[in-house]
Amino acid sequence: MNIYNNQNYFTNKQLLKILNRLGADYEINKLYIIETRHDLLKYGVIRINPFGWIEIIRGKIEGNYLPTSKTVIVYVFAHDEYNDFHSSQLYSIHALLHELRHAYHNNKNIKGSEEDCDEFATRYLDENSNFFSRVMKWEDEWEVEEED
């Protein structure tokens with residue numbers, strides 16, 4: 001698997017630990033961690049995912065899963081509203097897990113839903129908070145809260 005990542009929010013080693021914990025059912029070929037809007041051009045994401053650009057640039061889309069190439073893209077800059085590094089990491093991991101759930105559905109030929117992906121990401125983060133705190137070297141307790 002190829003990881004495209006500036007490694008300011010996540011190291012590739014951290015990302016691989018998360019992916020490996022999920023197992024083969026969540027396998028993808030490429031992972032893009034897009035930290036800034038500039039990274040959209042740097043990594044050529046426009047060529048990879050030509051849909052929804054206005055929403056992506058405005059930070060309204062947190063991630064995408066592209067089934068034909070088995071690619072996950074996480075837009076860290078969509079979490080700029082938090083003005084907090086830790087919160088941006090946490091909610092970007094939520095977006096990563098959400099998109100990986102789409103990969104799971106695709107890999108298993110299961111019809112999934114946005115609701116299932118959101119519920120999975122929230123539940124998985126909360127149930128594995130010790131793992132994520134250790135991998136990310138977070139000291140504070142946390143819990144993911146769903147927005148309506």
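Position 1 is the first residue of the sequence; numbering continues from there. In what follows, every heavy atom counts, from backbone to side chain, and hydrogens, waters and symmetry copies are set aside.
When all heavy atoms of Ala95 and Val74 are compared, the pair lying nearest together is CB-CG1, 4.2 Å. Shortest non-hydrogen contact noted between Tyr75 and Asn64 is OH-OD1, 2.6 Å. Taking each heavy atom of Ile28 and Lys70 in turn, the nearest pair found is CB-O, 3.4 Å. Summarising the geometry of Phe132 relative to Leu97, their closest heavy-atom pair is CZ-CD1, 4.1 Å, with the distance given to 0.1 Å. Shortest non-hydrogen contact noted between Ala78 and Gly59 is CB-O, 3.5 Å. In this structure, Asn106 and Pro67 approach most closely via the heavy-atom pair OD1-CB, 3.8 Å.
Summarising the local packing, CD1 of Ile54 is surrounded by 12 or fewer heavy atoms from other residues, nucleotides or ligands at distances under 6.0 Å.
Listed for the Asn5 side chain is a donor-acceptor partner under 3.5 Å among the backbone atoms of Gln7. Judged by distance alone, the side chain of Gln14 and the main-chain N or O of Thr11 form a donor-acceptor pair under 3.5 Å. Side chain of Asn20 to main chain of Leu16: a donor-acceptor pair is present (N/O by atom type, distance under 3.5 Å, no hydrogens or angles).
A donor and an acceptor atom, one from each side chain of Tyr65 and Arg101, are nowhere located under 3.5 Å apart. Side-chain atoms of His79 and Gln89 form no donor-acceptor pair, as typed in the model, at a separation below 3.5 Å. In this structure, a donor-acceptor pair under 3.5 Å is absent between the side chains of Asn107 and Asp25.
When the options His105, His102, Lys111 are evaluated for a side-chain hydrogen bond (donor to acceptor under 3.5 Å, both in side chains) with Asp116, the one that passes is His105.
Between Phe120 and Tyr104, the distance from one ring center to the other does not fall under 6.0 angstrom. Here Tyr124 and Phe131 keep their ring centres 6.0 angstrom or further from each other. His98 and His94 have their aromatic ring centers separated by at least 6.0 angstrom.
Each salt bridge (charged side-chain N to carboxylate O under 4.0 Å, His left out) pair with one or both residues in residues 28-46, not counting sequence neighbours, appears once here: Arg37-Asp80.
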- Message: Before you tell me yes or no, could you show the steps for Trp138 and Leu90 under side-chain contact (heavy atoms from CB on, under 4.5 Å), namely the whole-Å CA-CA distance, both residues' side-chain angles and the distance that decides it to 0.1 Å?
- Response: CA-CA 10 Å; Trp138 293 331; Leu90 179 60; 4.0 Å; yes
- Tyr32 and Val45: side-chain contact (heavy atoms from CB on, under 4.5 Å), yes or no, with the steps? CA-CA 9 Å; Tyr32 290 85; Val45 175; 4.3 Å; yes
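Between the CD1 atom in Ile3 and the CG atom in Leu15 there is a gap of 5.5 Å [rounded to 0.5 Å]. Taken to the nearest 0.5 Å, the CG atom of Leu100 stands 9.0 Å off from the CD1 atom of Ile18. Rounding to the nearest 0.5 angstrom, the gap separating the CD1 atom in Ile34 from the CD1 atom in Ile61 is 13.0 Å.
Between Tyr9 and Phe85, the ring-plane angle classifies as parallel under the 30° and 60° cut-offs.
Proximity of Tyr43 to Asn6: side-chain heavy atoms (C-beta onward) are separated by under 4.5 Å at one or more points. Arg21 has its side chain within reach of Asn128: a pair of non-hydrogen atoms, C-beta onward, lies under 4.5 Å apart.
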